[in-house]
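Comments concern the structure below.
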Number of protein chains: 4
Amino acid sequence: MILNVDLSADVPIYQQIRDQVVEAIAHGALTEGSPLPPTRTLAADFGVNFHTVNKAYDLLRQEGLIRLSRGTGAVVTAAATDQVLPSDWTARARTLLAEAVARGISPDEVLRTCQTLLTSFGPAKQEDTR
Amino acid sequence: MILNVDLSADVPIYQQIRDQVVEAIAHGALTEGSPLPPTRTLAADFGVNFHTVNKAYDLLRQEGLIRLSRGTGAVVTAAATDQVLPSDWTARARTLLAEAVARGISPDEVLRTCQTLLTSFGPAKQEDTR
Amino acid sequence: MILNVDLSADVPIYQQIRDQVVEAIAHGALTEGSPLPPTRTLAADFGVNFHTVNKAYDLLRQEGLIRLSRGTGAVVTAAATDQVLPSDWTARARTLLAEAVARGISPDEVLRTCQTLLTSFGPAKQEDTR
Amino acid sequence: MILNVDLSADVPIYQQIRDQVVEAIAHGALTEGSPLPPTRTLAADFGVNFHTVNKAYDLLRQEGLIRLSRGTGAVVTAAATDQVLPSDWTARARTLLAEAVARGISPDEVLRTCQTLLTSFGPAKQEDTR
DNA sequence: GTGGTCTAGACCACT
DNA sequence: GTGGTCTAGACCACT
């Protein structure tokens with residue numbers, strides 16, 4: 001897993017780390033049981049404060065995507081069993097999609113973009129077993 | 001246009017108002033030139049301070065979705081002419097979609113949800129059944 | 001003189017009219033004594049309210065660039081005799097130039113842009129006398 | 001960094017603060033990572049309400065020039081990487097320059113003034129005379 | 001009558 | 001201790 005943080009971006013660093021872990025899980029680069037780098041290692045790599053990485057991991061834990069334990073470190077949790085999108089996700093999606101449409105982009109074009117983004121996730125899961 | 005604010009939600013009230021205006025524009029409930037309620041009127045309807053509505057309107061103005069002038073009040077701006085999704089929109093969409101997939105929802109299911117949300121926007125204009 | 005107003009722009013229409021008259025004078029398309037179109041004519045051409053054009057003309061009058069009289073209509077005033085830039089102009093220029101530099105554009109590049117804009121004004125004054 | 005606000009000027013106080021921070025960045029008095037004074041401290045210094053400073057900082061944040069976070073306060077963002085002047089900047093510059101020329105100032109004189117203003121920005125970085 | 005600005009003061013969220 | 005949000009109320013600018 002390769003993470004990149006942009007120290008000068010307007011998105012908080014902990015949020016960037018959280019987002020990239022989420023995307024890595026979606027891509028299948030991280031699967032159930034995959035260990036995440038120790039917070040201190042990651043912090044050293046990025047040259048950021050240890051607490052910043054800690055905060056990202058804590059966010060992911062709150063979202064139920066990773067498990068933290070003293071000995072084992074951080075590992076990816078099994079995907080949730082319930083297959084319904086939480087209503088707050090739908091609300092955020094509605095607003096985001098509305099934003100594009102309100103700016104004059106056609107719904108078709110927006111959907112195509114979503115499809116492109118989604119297909120970039122799916123395939124990785126069929127872990128190539130050569 | 002029907003707006004609802006949830007005073008106890010963790011999303012700031014001004015953001016909720018902004019989001020709902022964006023959605024109303026996407027739905028076609030508000031179109032180019034449509035007047036928005038005066039800040040103070042809307043504030044009274046919601047039982048919130050007019051400054052809160054003011055901030056929402058100011059956000060929308062900065063996003064180029066509405067125009068504000070003292071005498072005339074707030075009116076919806078024409079949709080932008082450029083039809084490309086800004087890269088920052090795509091980045092936000094990528095993260096949001098990844099979040100659903102990382103939670104174990106299948107990409108197909110996520111796409112269907114997006115499609116449902118999007119069709120609730122577009123059709124309003126094609127609704128004439130002649 | 002050809003004026004264009006963008007009804008959907010975020011810049012107020014009266015401001016757009018004012019700006020374009022200023023630019024026409026700078027270009028030499030309008031010189032001392034040149035008549036401006038009657039406000040009602042211009043308003044009809046643009047499909048805007050008569051008061052909007054009126055406001056633009058009043059702004060120009062306050063700036064000393066045109067003269068208004070009931071019979072004669074609006075005519076361009078002689079260029080001011082004092083050849084110094086008012087301090088408030090310099091202040092506005094300072095802020096505008098600083099904005100570009102603060103965003104990482106090199107001062108040289110900014111100056112070149114100013115020069116290009118300025119040379120587009122000058123030549124027109126040598127009214128071709130064929 | 002030395003800031004001055006003129007309470008009796010027609011330019012809003014929050015705009016004056018915003019402009020001066022922009023100029024300080026252009027001058028190199030504030031560089032990437034430089035902390036800005038806490039909103040409440042600055043407000044006390046000027047004898048204005050902290051909300052006024054807040055609005056100025058919020059503007060700067062939206063322009064991407066500073067970053068705000070609760071614990072850390074306000075710090076200057078890295079300069080943008082793209083080196084092109086946005087078209088809206090050029091439009092504003094065109095109008096401003098036209099204004100000077102329309103008042104009878106020679107384009108050469110205007111350009112010289114721009115150059116003087118610009119050289120007051122750049123050199124701060126090259127000032128090391130080793 | 002409309003939005004725009006500013007003051008004053010409270011409480012909250014995050015560090 | 002820092003910014004973020006919200007309320008309450010005043011006065012101003014422009015239509």
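Quick note on labels: first sequence line is chain A, next is B, and so on, each numbered from 1.
- Counting only heavy atoms from C-beta outward, the side chains of A:Tyr14 and A:Val53 never approach each other to under 4.5 Å.
- Considering CG of D:Asp19 and CZ of C:Arg92, their distance stands at 12.0 Å, rounded to 0.5 Å.
- For the pair B:Asp58 CG and E:dG4 P, the interatomic distance rounds to 7 Å; values are reported in whole Å.
- Between B:Ser69 and D:Gly47, the one whose closest nucleotide on DNA chain E sits nearer the 5' end is B:Ser69.
- For the pair D:Asn49 CG and F:dA8 P, the interatomic distance rounds to 17 Å; values are reported in whole Å.
- Rounded to whole Å, the distance from CG on B:Leu7 to P on F:dT5 is 16 Å.
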Problem set entry | Stepwise side-chain contact (heavy atoms from CB on, under 4.5 Å) test for D:Val101 and D:Leu97 | CA-CA 6 Å; D:Val101 174; D:Leu97 296 172; 5.6 Å; no

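- Rounded to an integer number of Å, the gap from CZ of D:Arg70 to C1' of E:dC11 is 12 Å.
- Atom pair D:Arg18:CZ and E:dT5:C1' shows a separation of 17 Å (rounding to whole Å applied).
- Between the CD1 atom of A:Ile13 and the P atom of E:dC14 there is a distance of 17 Å, given to the nearest Å.
- Comparing atom distances between the B:Arg40 side chain and each of F:dA10, E:dC11, E:dT7 picks out F:dA10 as nearest.
- Candidate nucleotides E:dT5, F:dC6, F:dG3 were compared by shortest atom distance to the side chain of D:Lys55, and E:dT5 ranks first.
- Considering only side-chain atoms of B:Phe50, the nucleotide from F:dG9, F:dT2, E:dA10 that sits closest is F:dG9.
- Mapped onto DNA chain F by nearest heavy atom, B:Gln15 and D:Thr72 fall at different nucleotides, with D:Thr72 at the one closer to the 5' end.
- Checking C:Thr72 against C:Ser69 by side-chain atom types alone, a donor-acceptor pair falls below 3.5 Å.
- In this structure, a donor-acceptor pair under 3.5 Å is present between the side chains of C:Thr95 and D:Glu23.
- If you find the closest nucleotide of DNA chain E to A:Tyr14 and to D:Val48, the one lying nearer the 5' end belongs to D:Val48.
- Stem list for DNA chain E (at least 3 consecutive Watson-Crick or G-U pairs, distances under 3.5 Å): E:1-14 with F:1-14.
- Side chains of C:Val22 and C:Leu65 form a contact here, defined as non-hydrogen atoms less than 4.5 Å apart.
- Considering only side-chain N and O atoms, D:Thr52 lies nowhere under 4.0 angstrom from the phosphate OP1 or OP2 of E:dC6.
- Distances were taken from every side-chain heavy atom of D:Asn54 (C-beta onward) to each of F:dC14, F:dT5, E:dT5; the shortest belongs to F:dT5.
- Looking at which nucleotide of DNA chain F each of B:His51 and B:Val11 is closest to, the 5′-most match is held by B:Val11.
- The pair A:Glu99-A:Arg94 does not count as a salt bridge, with every side-chain nitrogen at least 4.0 angstrom from each carboxylate oxygen.
- Straight-line distance from the CG atom of D:Leu60 to the C1' atom of F:dG3: 14 Å, rounded to whole Å.
- In this structure, C:Leu59 atom CG and F:dA13 atom P are separated by 16 Å, rounded to whole Å.
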